[in-house]
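Inspection log for the structure reproduced underneath, given as structure tokens.
Every chain is numbered from 1, with letters handed out A, B, ... down the list of sequences.
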Amino acid sequence: MALDKNFFQDVYEVVKLVPEGRVTTYGAIAQYLGLKSSARMVGWAMNQAHVVSGVPAHRVVNRNGLLTGKHHFETPQAMQLRLEQEGIIIVNDKVQNFDTLVWYPVKELL
DNA sequence: CGTTTGACAATAT
DNA sequence: GATATTGCCAAAC
């Protein structure tokens with residue numbers, strides 16, 4: 001984890017730690033980094049995520065379980081497609097069983 | 001160098 | 001319950 005200096009780097013590491021078939025939220029990541037409501041920075045970081053390889057940004061959704069950032073993917077369908085590929089059911093751009101699939105780094109890695 | 005905005009979230013009205 | 005406001009940090013303008 002190592003919060004060197006790059007906020008983004010930490011975000012990427014946490015996202016990489018997300019288990020397959022599982023999703024996380026911006027707030028969860030922000031919380032894990034010690035912040036409380038700077039989920040926007042996480043979103044910012046994800047904007048750069050497409051530049052970095054190995055960052056499963058498709059596993060990051062908003063606290064509502066909605067695929068808000070699908071538009072930032074190669075194709076808007078890529079996000080939903082990848083999630084479904086991992087066994088996650090997406091309906092109307094929303095993660096089904098989100099409560100069960102959500103993965104909190106603070107809680108799991110603690 | 002000051003202002004705006006961004007893949008959000010939590011609180012307040 | 002839904003809309004409006006605030007917080008947070010960094011990058012783009």
List every contact pair, protein side and nucleotides 11-13 of chain C side both N or O, where the distance is under 3.5 Å.
none

Worksheet item: Considering the options A/Asn47, A/Ile29, A/Val15, A/Thr24, which one meets the side chain to side chain contact (heavy atoms under 4.5 Å, CB included) requirement together with A/Val42?
Response: A/Ile29

Item to complete: Please say which of A/Glu84, A/Gln85, A/Glu86 ends up in a side chain to side chain donor-acceptor pair (under 3.5 Å) with A/His58.
Response: A/Glu86

Worksheet, complete the sentence: Correct closest heavy-atom pair for A/Arg59 and A/Val18 would be NH1-O, 2.8 Å

Discussion item. Regarding A/Asn47, tell me which of base, sugar-phosphate or nothing describes its non-hydrogen contacts under 4.0 Å with the strands shown.
Written reply: base

Worksheet item: Should A/Tyr104 and A/Tyr32 be marked as a side-chain contact (heavy atoms from CB on, under 4.5 Å) after you check the CA-CA gap, both sets of side-chain angles, and the distance that decides it?
Response: CA-CA 8 Å; A/Tyr104 287 92; A/Tyr32 177 74; over 6 Å; no

Item to complete: Would you grab the first and last nucleotide of DNA chain B (5' to 3') that comes under 4.0 Å of any non-hydrogen atom in chain A?
Response: B/dG6 to B/dA10

Practice prompt. Answer with base, sugar-phosphate or nothing: what part of the nucleic acid does A/Ala30 contact at a heavy-atom distance below 4.0 Å?
Written response: nothing

Practice prompt. Show your reasoning for whether side-chain contact (heavy atoms from CB on, under 4.5 Å) applies to A/Leu66 and A/Val61.
Written response: CA-CA 6 Å; A/Leu66 195 67; A/Val61 295; over 6 Å; no

Worksheet entry | A/Thr25 and A/Val60: CA distance, side-chain angles, deciding distance, side-chain contact (heavy atoms from CB on, under 4.5 Å) verdict | CA-CA 5 Å; A/Thr25 70; A/Val60 184; over 6 Å; no

Item to complete: Using the P atom on both, measure C/dT5 against B/dT4 and round to a whole Å.
Response: 16 Å

Item to complete: Go through the steps for A/Tyr26 and A/Thr68 under the test side-chain contact (heavy atoms from CB on, under 4.5 Å), then give the verdict.
Response: CA-CA 11 Å; A/Tyr26 301 93; A/Thr68 49; 3.7 Å; yes

Worksheet entry | Heavy-atom pair of closest approach, residues A/Gly54 and A/Lys16 | O-CG, 3.1 Å

